[in-house]
2 protein chains.
Amino acid sequence: MQDQKRVTLKDVARETGLALSTVSNALAGKSLVKPETRAFVLATAERLGYRASIVARSLRAQRSFAFGVLIEDVANPSAAAFVRGVEDVAIGAGYTILLGNTDGDLERQVNAMRTLIDRQVDGLVLISQHLDDERVRSLLSKVPAVLVQRRDARVALDYVGSDNASGLNEALRYVWRIGHRRVGFVTGPLKSSSAQERLAAFRATAAELGFTDPESLIFEGRYSFETGLAAAGFFSSLPDMPSCIFGSNDLNALGLIQGLSERGIRVPRDVSVVGLDDIELAAIKAIDLTTIRLEKRAIGAAAAGLLLKRIDDPDQPMQTLILPTRLVVRGTTAPVDPS
Amino acid sequence: MQDQKRVTLKDVARETGLALSTVSNALAGKSLVKPETRAFVLATAERLGYRASIVARSLRAQRSFAFGVLIEDVANPSAAAFVRGVEDVAIGAGYTILLGNTDGDLERQVNAMRTLIDRQVDGLVLISQHLDDERVRSLLSKVPAVLVQRRDARVALDYVGSDNASGLNEALRYVWRIGHRRVGFVTGPLKSSSAQERLAAFRATAAELGFTDPESLIFEGRYSFETGLAAAGFFSSLPDMPSCIFGSNDLNALGLIQGLSERGIRVPRDVSVVGLDDIELAAIKAIDLTTIRLEKRAIGAAAAGLLLKRIDDPDQPMQTLILPTRLVVRGTTAPVDPS
DNA sequence: TTGTAGGCGTTATCAG
DNA sequence: CTGATAACGCCTACAA
């Protein structure tokens with residue numbers, strides 16, 4: 001059960017009777033080693049159970065073959081999907097993932113970033129925020145980094161996000177087609193760029209299509225179920241309720257549906273509801289949420305891909321990748337009652 | 001935007017005019033350094049932006065101050081909650097988390113374990129399986145490890161799980177009290193010890209309370225929504241349907257509910273359903289699932305705690321921690337119709 | 001083709 | 001109290 005001593009290069013050298021460097025070269029597959037020597041070394045290494053120490057290699061190479069991934073909370077399903085996407089490509093490229101949860105707290109994030117940099121991660125994937133903080137920005141200059149879902153004009157970094165604008169545009173056109181004219185919108189936290197983008201997209205399309213008084217139908221909140229509940233209170237108290245309401249994410253939408261139903265308002269009969277995200281359970285019949293699907297795992301994978309390229313060539317121009325979204329029509333939207 | 005060169009101890013030594021070792025001692029807060037020297041060193045280090053390299057320290061100390069966490073898939077919400085729990089205590093103790101997804105695949109798991117060990121993680125949290133594999137067991141002997149949720153008689157390791165037996169016992173007693181006598185059970189994958197435990201607990205309590213013919217009401221499946229759907233087909237085709245069915249996890253239960261409803265069977269009016277897990281959304285009104293709650297984050301935290309203790313003293317006796325579960329009664333269970 | 005000699009950044013030991 | 005030196009395990013010039 002104990003940690004038996006590591007087998008090192010030196011052990012293999014001693015065992016084979018060869019020099020350290022020969023063993024190292026043989027293991028690295030360098031052509032300067034005679035094939036039979038190489039075979040012998042390989043066999044001996046295998047027999048002794050030799051495995052190179054990545055720690056030593058990292059010190060020597062001044063890089064760790066690891067990525068840091070910073071998120072608010074892995075326990076949040078969307079965040080987990082991103083992480084998974086990052087890992088998908090990281091593993092393939094021989095990288096390991098160091099995970100850090102920030103809980104959205106600035107201090108935790110700064111600490112986590114410091115630790116990750118102290119560990120000499122070769123790159124950082126930041127699915128988080130606080131780009132307005134000076135320390136965060138300064139830390140970001142110390143290591144290749146890719147931003148996911150949220151960006152900031154002050155930081156010029158590779159970025160991967162989803163096409164919130166066209167997603168909302170598509171969905172708003174859809175509800176327009178089925179007759180909705182008064183459409184409400186629940187925002188996310190407006191200091192996050194994704195929430196801003198979604199709100200801006202709502203405004204733009206609402207204006208373009210000519211929805212009725214959209215500005216009065218915006219409820220400001222966060223990406224939470226509770227925000228949805230509160231929004232239901234707000235919208236239901238309006239003299240002229242919207243016939244359709246958009247959440248800024250699926251949790252908003254689910255809270256909205258529950259809040260409405262608690263007030264005797266039926267979805268979609270009385271009000272249609274649209275989410276954004278397409279969480280796993282959105283598809284089950286008990287929920288059956290019409291939503292704008294985000295390809296979170298693909299976004300994470302794309303972020304890792306960008307990071308690999310950036311590490312490979314730190315001076316290449318910054319890239320911005322916007323992945324498409326897709327409207328998934330399910331049971332929480334219905335045509336406006338012609339009555 | 002570039003990776004400016006690291007400030008090392010040597011730089012601080014040069015800047016202060018002191019010896020390397022003095023600087024190191026000062027930074028480490030050793031009492032052998034004169035307070036004013038120490039203060040001077042600290043100030044200079046701060047000014048230069050010195051941060052110790054964890055990589056170098058790891059090589060020297062032969063430990064990495066990091067935990068490896070192996071799970072099937074972070075994108076699975078329960079797994080993510082475990083990971084979060086592990087991180088909660090790891091961070092507090094100065095450890096970083098290296099994450100590995102196995103997708104339940106043996107080869108991936110072996111590779112991930114190897115990589116983690118090559119990185120000299122100080123301990124492993126294994127929320128996974130394949131303990132029947134020789135290589136896995138041999139790798140587990142190379143590093144302190146804690147098993148979570150699944151164990152194997154052949155591996156004597158620290159273990160943290162939840163009290164499946166008493167959870168099911170409590171829930172079965174509850175449905176007995178409200179009149180159910182024919183109770184079905186959907187199993188998880190029986191090669192997993194948690195699924196076995198749950199099935200065994202069902203059998204034991206069913207026998208004890210005297211449920212009607214429990215053996216004929218067991219449906220073997222996996223921890224998936226699809227299993228629930230299939231189970232609905234099985235149970236509904238029975239000449240004498242159970243009045244209550246237990247899933248082995250919440251996804252089972254949700255699939256079951258959907259499958260039953262597709263066949264015109266209403267929950268809980270016609271059949272009661274009980275889950276196990278208490279996923280985030282189980283509480284929303286649209287789902288409102290009666291379930292046996294597992295404290296996943298607490299389990300992860302307990303695992304990390306055990307690991308810390310084991311690292312601190314590798315020779316202490318093995319520990320097994322069984323965390324309590326709690327029956328959460330919601331809307332998918334109802335008394336048997338007395339008619 | 002093989003061997004020797006640093007050095008990556010720390011920390012621990014031991015001498016001054 | 002401070003400083004020199006070695007060692008952790010690996011890799012890579014360069015020398016033989």
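Every chain is numbered from 1, with letters handed out A, B, ... down the list of sequences. All values derive from a computational prediction rather than experimental measurement.
More than 12 heavy-atom neighbours from other residues, nucleotides or ligands sit within 6.0 angstrom of CD on B:Glu36.
Residues of residues 34-55 of chain A that place a heavy atom closer than 4.0 Å to DNA chain C, in numerical order, are A:Lys34, A:Thr37. Near-neighbour residues of DNA chain C inside residues 13-27 of chain B, defined by a heavy atom below 4.0 Å, number-ordered: B:Leu20, B:Ser21, B:Ser24.
The pair A:Asp133-A:Arg137 fails the salt-bridge criterion, with no side-chain N (NZ, NE, NH1 or NH2) lying under 4.0 Å from an Asp/Glu carboxylate O. A salt bridge links A:Glu107 to A:Arg135: one of the charged nitrogens lies within less than 4.0 Å of a carboxylate oxygen. Using a cut-off of 4.0 Å between Lys/Arg side-chain N and Asp/Glu carboxylate O, B:Asp152 and B:Lys191 are scored as not salt-bridged. The residues A:Arg108 and A:Glu72 are annotated as not salt-bridged, no charged nitrogen and carboxylate oxygen being separated by less than 4.0 angstrom.
Here C:dG9 presents its P atom at 22 Å from CZ of B:Arg63, a figure rounded to the nearest Å. Look at CZ on B:Arg119: it is 15 Å from C1' on D:dG9, rounded to the nearest Å. At whole-Å resolution of the value, CG in A:Leu9 and P in C:dG7 are 19 Å apart. One atom, CG of A:Leu59, and another, C1' of D:dA7, lie 12 Å apart when rounded to the nearest Å.
Neither side chain, A:Arg63 nor A:Ser58, offers a donor N or O lying under 3.5 Å from an acceptor on the other.
Taking the six-membered ring where tryptophan is involved, the planes of B:Tyr95 and B:Phe67 are essentially parallel, since the angle between them stays under 30° and well short of 60°.
Judged by distance alone, with hydrogens and angles left aside, B:Arg60 brings a side-chain donor or acceptor within reach of the base of C:dT11, the pair sitting under 3.5 Å.
Along DNA chain D, the nucleotide nearest A:Ala56 and the nucleotide nearest A:Leu32 are compared for position; the residue whose nucleotide lies closer to the 5' end is A:Ala56.
Between A:Gln62 and C:dG9 there is a side-chain polar atom (N or O) within less than 4.0 angstrom of OP1 or OP2.
A:Gln319 is linked by a side chain to side chain contact (heavy atoms under 4.5 Å, CB included) to A:Asp158, A:Leu306, A:Lys309, A:Gln316, A:Leu321, counting only residues two or more places apart in sequence or in another chain.
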